[in-house]
Amino acid sequence: FTTLKAEGDLGNFILLLILYTLQGIPMGLSGSIPMILQNNNVSYTDQAIFSLVSWPFSLKLLWAPLVDSVYSNTFGRRKTWLIPVQLICGIMMIVISFSVDDLVGNNGVNPDIKTLTWVFFILYFLMATQDIAVDGWALTMLSTKNVTYASTANSVGQTLGYFTSYIIFMAFNSIDFSNRFRSIPIDEPLLHLSQFMFFWGAIFILVTIFVWFFKQEKHTTESPYSITLAYQQMISILKKKNVQLLALILFTCKIAFAASDSITSLKLLDQGIPREHLVIMSVIMMPFGMIIPIFITKYTNGPKPLSFFLKGYLPRVLVALLSAFIVYYVPTKQLSQQNIPYSFYALALLISLIG
């Protein structure tokens with residue numbers, strides 16, 4: 001980070017890191033909620049319906065040209081979208097916090113999967129739009145020498161946000177884990193979903209107000225594209241054979257391990273693995289998730305940025321097969337939760353690290 005400081009980009013990098021961290025909060029919550037729903041005896045069909053919330057990030061290309069071409073020069077090209085999107089997200093999280101415990105079925109009522117899915121689908125849509133704006137802003141916020149650090153801010157920030165709203169939240173939402181910090185155990189977690197969403201909704205609003213009034217965009221003399229021209233350029237790029245091949249690869253590459261990624265933790269819960277044990281395993285893995293993107297930056301920024309992906313694909317597929325083995329082998333059918341051997345957790349951690 002010496003070059004960031006030398007070029008005066010350290011503050012800008014930190015701001016990008018904060019914005020990408022905020023982006024990871026709803027994404028992490030969308031990983032926490034299936035765990036909560038599983039404890040409330042929701043079917044896998046309902047879990048599949050809720051998984052649709054992540055679609056906006058896959059489809060954001062459809063409205064990215066709109067975000068790039070429609071803006072106010074006075075307000076700022078990226079702030080035109082960033083400010084309202086984050087304000088709406090913050091307000092939504094605060095409003096939903098008053099009823100979210102009922103929506104997930106925590107108060108003895110049946111979970112409302114349809115409403116829950118729509119709420120998080122909209123939050124994901126807002127964050128996908130925020131991602132488009134922040135990605136574009138990063139290109140001008142950082143100097144040309146340091147622009148490659150934008151991808152690092154993205155990876156680390158999203159991971160940190162996901163860590164906060166998945167691992168930290170799930171830990172303190174666990175009654176057993178919470179009672180470790182109490183002298184007298186009670187049947188109540190330290191942190192409720194409603195409290196967590198209200199807090200981060202307020203943080204969204206505060207950060208947005210700060211950016212609105214205290215962060216200026218660099219002045220540009222570039223004339224805005226018309227919406228038609230923006231979409232024409234996107235279509236012309238999509239017609240290139242290399243782009244089509246890359247799109248096909250990205251569209252199909254996760255088929256081999258999509259099921260494993262989606263339901264392994266849910267099946268482990270069904271098999272009797274305590275939720276707090278899964279959280280602890282995730283905590284152990286989290287530093288690797290934050291360090292590895294920084295470590296591989298020098299490989300992904302070179303002349304062959306996909307070489308690392310290609311080398312790691314086959315091991316990633318093998319991890320999916322090993323995850324199925326872990327679910328099949330999980331020993332809680334024969335043992336109590338307290339007697340699960342450490343070797344089981346060691347194997348599970350090793351498989352997660354390889355993945």
Side-chain angles (χ1 to χ4, degrees), residues 16 20 23-24 26-27 30-31 48-70 77-78 81 85 117 120-140 147-159 162 225-263 289 292-293 296-321 355:
L16 286 173
Y20 283 121
Q23 193 181 113
M27 296 168 67
S30 69
I49 292 172
F50 183 76
S51 70
L52 297 176
V53 300
S54 62
W55 275 32
F57 253 84
S58 301
L59 301 175
K60 63 183 179 181
L61 188 66
L62 297 177
W63 65 93
L66 187 66
V67 176
D68 279 337
S69 58
V70 178
R77 181 174 185 176
R78 307 304 173 183
W81 291 90
V85 160
T117 301
F120 275 87
F121 185 90
I122 294 171
L123 289 176
Y124 246 96
F125 173 80
L126 293 171
M127 288 301 93
T129 305
Q130 187 253 31
D131 184 59
I132 297 168
V134 176
D135 284 350
W137 198 0
L139 298 177
T140 56
V147 73
T148 55
Y149 281 99
S151 61
T152 303
N154 187 319
S155 300
V156 175
Q158 282 189 5
T159 301
Y162 195 93
Y225 289 152
S226 68
I227 299 176
T228 303
L229 181 59
Y231 276 99
Q232 285 176 345
Q233 287 189 336
M234 183 188 75
I235 293 171
S236 67
I237 293 172
L238 291 177
K239 287 181 178 179
K240 296 182 180 297
K241 290 184 178 180
N242 288 340
V243 174
Q244 292 175 356
L245 179 59
L246 178 61
L248 180 63
I249 292 172
L250 295 177
F251 185 73
T252 58
C253 66
K254 290 190 176 181
I255 291 176
F257 43 82
S260 171
D261 288 353
S262 300
I263 64 175
I292 289 174
I296 66 173
T297 297
K298 61 181 180 180
Y299 300 104
T300 57
N301 285 337
K304 296 181 178 180
L306 289 179
S307 60
F308 203 85
F309 166 80
L310 294 173
K311 292 176 181 178
Y313 185 78
L314 184 57
R316 185 67 183 84
V317 174
L318 294 176
V319 165
L321 295 175

Looking at [atom1] of [X] and [atom2] of [Y], how far apart are the two atoms once the value is rounded to the nearest 0.5 Å?
{"X": "Ser30", "Y": "Phe50", "atom1": "OG", "atom2": "CZ", "value": "6.0 Å"}
{"X": "Tyr149", "Y": "Asn154", "atom1": "OH", "atom2": "CG", "value": "16.0 Å"}
{"X": "Gln130", "Y": "Asp135", "atom1": "CD", "atom2": "CG", "value": "8.5 Å"}
{"X": "Asp68", "Y": "Arg78", "atom1": "CG", "atom2": "CZ", "value": "5.0 Å"}
{"X": "Gln233", "Y": "Ser69", "atom1": "CD", "atom2": "OG", "value": "10.0 Å"}

Would a distance-only check, ignoring hydrogens and angles, find a side-chain to backbone donor-acceptor pair under 3.5 Å from [X] to [Y]?
{"X": "Trp81", "Y": "Ala133", "value": "no"}
{"X": "Tyr231", "Y": "Ser226", "value": "no"}
{"X": "Trp137", "Y": "Leu16", "value": "no"}
{"X": "Tyr162", "Y": "Gly31", "value": "no"}

Task: Gln158 side chain near Met27 side chain, heavy-atom distance below 4.5 Å - done: yes

- [ ] Taking the side chain as every heavy atom from C-beta outward, state whether Phe120 and Leu52 have any atom pair closer than 4.5 Å.
- [x] no

Taking all atoms of both residues into account, what is the closest heavy-atom pair of [X] and [Y], and its distance?
{"X": "Met234", "Y": "Leu61", "result": "SD-O, 3.3 Å"}
{"X": "Ile49", "Y": "Thr117", "result": "O-CG2, 3.6 Å"}
{"X": "Ala138", "Y": "Val147", "result": "O-CG2, 4.2 Å"}

Task: Qualifying residues under side-chain hydrogen bond (donor to acceptor under 3.5 Å, both in side chains), relative to Asp131, sequence neighbours excluded - done: Gln23, Lys60

Open item on the list: Going by side-chain contact (heavy atoms from CB on, under 4.5 Å), name the residues that satisfy it together with Leu250, two or more places apart in sequence or in a different chain.
Closed with: Leu246

Open item on the list: According to side-chain contact (heavy atoms from CB on, under 4.5 Å), who are the partners of Pro56, at least two apart in sequence or on a separate chain?
Closed with: Trp63, Phe121, Tyr124, Phe125, Ala128

